[in-house]
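First comes the structure, then the notes that go with it.
Remember, it's 1-based here, ligands and their atoms both numbered in the order they're listed.
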Amino acid sequence: MIELHKVSKTYMTDKVETIALRDIDLRIGKGEFVSIMGPSGCGKSTLLNLLGLLDRPGQGTIKVDGQELHQWSDKELAQMRNKTFGFIFQSFHLINDLRVIDNVELPLLYRKSTAKQRRELAEQALAKVGLSARMEHYPNQLSGGQQQRVAIARAMVGQPEILLADEPTGNLDSHMGAEVMEILLQLNREGTTVVMVTHDERHAKQSGRIVRVFDGQLVS
Ligand code: ADP
Ligand code: ADP
């Protein structure tokens, strides 16, 4: 469970202040599938970064499973982040010099596990997204939809409780987007909490709840 209470975030660039988020109150419960929608620049990515402990709020409090994170060191925050969250992005963020299987193993390199264990977990994650036959390929030998499925396998390989997705279907045609959405729905049915930024109303309607952001505030 993640709780944001009166959270604000301001960016300072060249003495110009941008209020990216103001007074956000939001609770995301275990097992939910939440879509975040709103126009470009309204603060969606900032909100996702705060939810994923990639950034700290300017004001307000964030609690994960009842624990307030502002008391934590950066190191503790990073540990919590790696244990709790998987991330996927619009532009996949795969490493093109590494084979698919090696991309998926990457998050496990920071854990105490053997090469054999890593390989097994990565194979299971790839099977789950239907890409067992592509393990030895390189990312740029795959379609966009397949690359995003590799990214989902990489995000899920450490078995995180929460998957955070920033416009996961934004670079995909509607067919591939629907496939990716189906995988996210399946992961959610199996118990993973999913928070997704999207511009696609159809995908948002398939999720459990839509949070609308406008000009740094939650409007519904
Ligand atoms: P969205 O994801 O909805 O497009 P963002 O959260 O990326 O919105 O941005 C919200 C506002 O904060 C925008 O005005 C954006 O330009 C600004 N912003 C976001 N990140 C930064 C940053 N690192 N430095 C300065 N301004 C930023
Ligand atoms: P994506 O399209 O992959 O979702 P974006 O291109 O929206 O990502 O943003 C990439 C990163 O740049 C985000 O972490 C966001 O916070 C940051 N960012 C967005 N707007 C600005 C800005 N005006 N200045 C600096 N950084 C920004």
Select one of side chain, backbone, both or neither to describe which atoms of Thr46 lie under 4.0 Å from any atom of ligand 1, heavy atoms only. both
Proximity flag Gly41 to ligand 1, non-hydrogen atoms under 4.0 Å: yes
Below 4.0 angstrom from a heavy atom of Lys44, which ligand 1 atoms are there? Numbered from 1 as shown, please. 1 (P), 2 (O), 3 (O), 4 (O), 6 (O), 8 (O)
Ligand 1 to Ser40, heavy atom cutoff 4.0 Å, flagged ligand atoms 4 (O)
Shortest heavy-atom approach to atom 8 (O) of ligand 1 - which of Pro39, Gly216, Gly43: Gly43
I'd like to know if Phe85 and Leu121 are part of one continuous hydrophobic network [Ile/Leu/Val/Met/Phe/Trp/Tyr, side-chain heavy atoms within less than 4.5 Å]. no
So Thr46 and Asp55, side chain to side chain donor-acceptor pair (under 3.5 Å) or not? Walk me through it. CA-CA 8 Å; Thr46 301; Asp55 205 355; over 6 Å; no
Pair Glu182-Arg189, salt bridge (Lys or Arg N to Asp or Glu O under 4.0 Å): steps then yes or no: CA-CA 10 Å; Glu182 204 40 63; Arg189 283 192 289 269; 3.3 Å; yes
Going by salt bridge (charged side-chain N to carboxylate O under 4.0 Å, His left out), name the residues that satisfy it together with Arg154, two or more places apart in sequence or in a different chain. none
Test your reading of the structure: does Thr18 have an N or O sitting under 3.5 Å from an N or O of ligand 1? no
Pairwise distance CD1(Ile24) to NZ(Lys6) - rounded to 0.5 angstrom: 10.5 Å
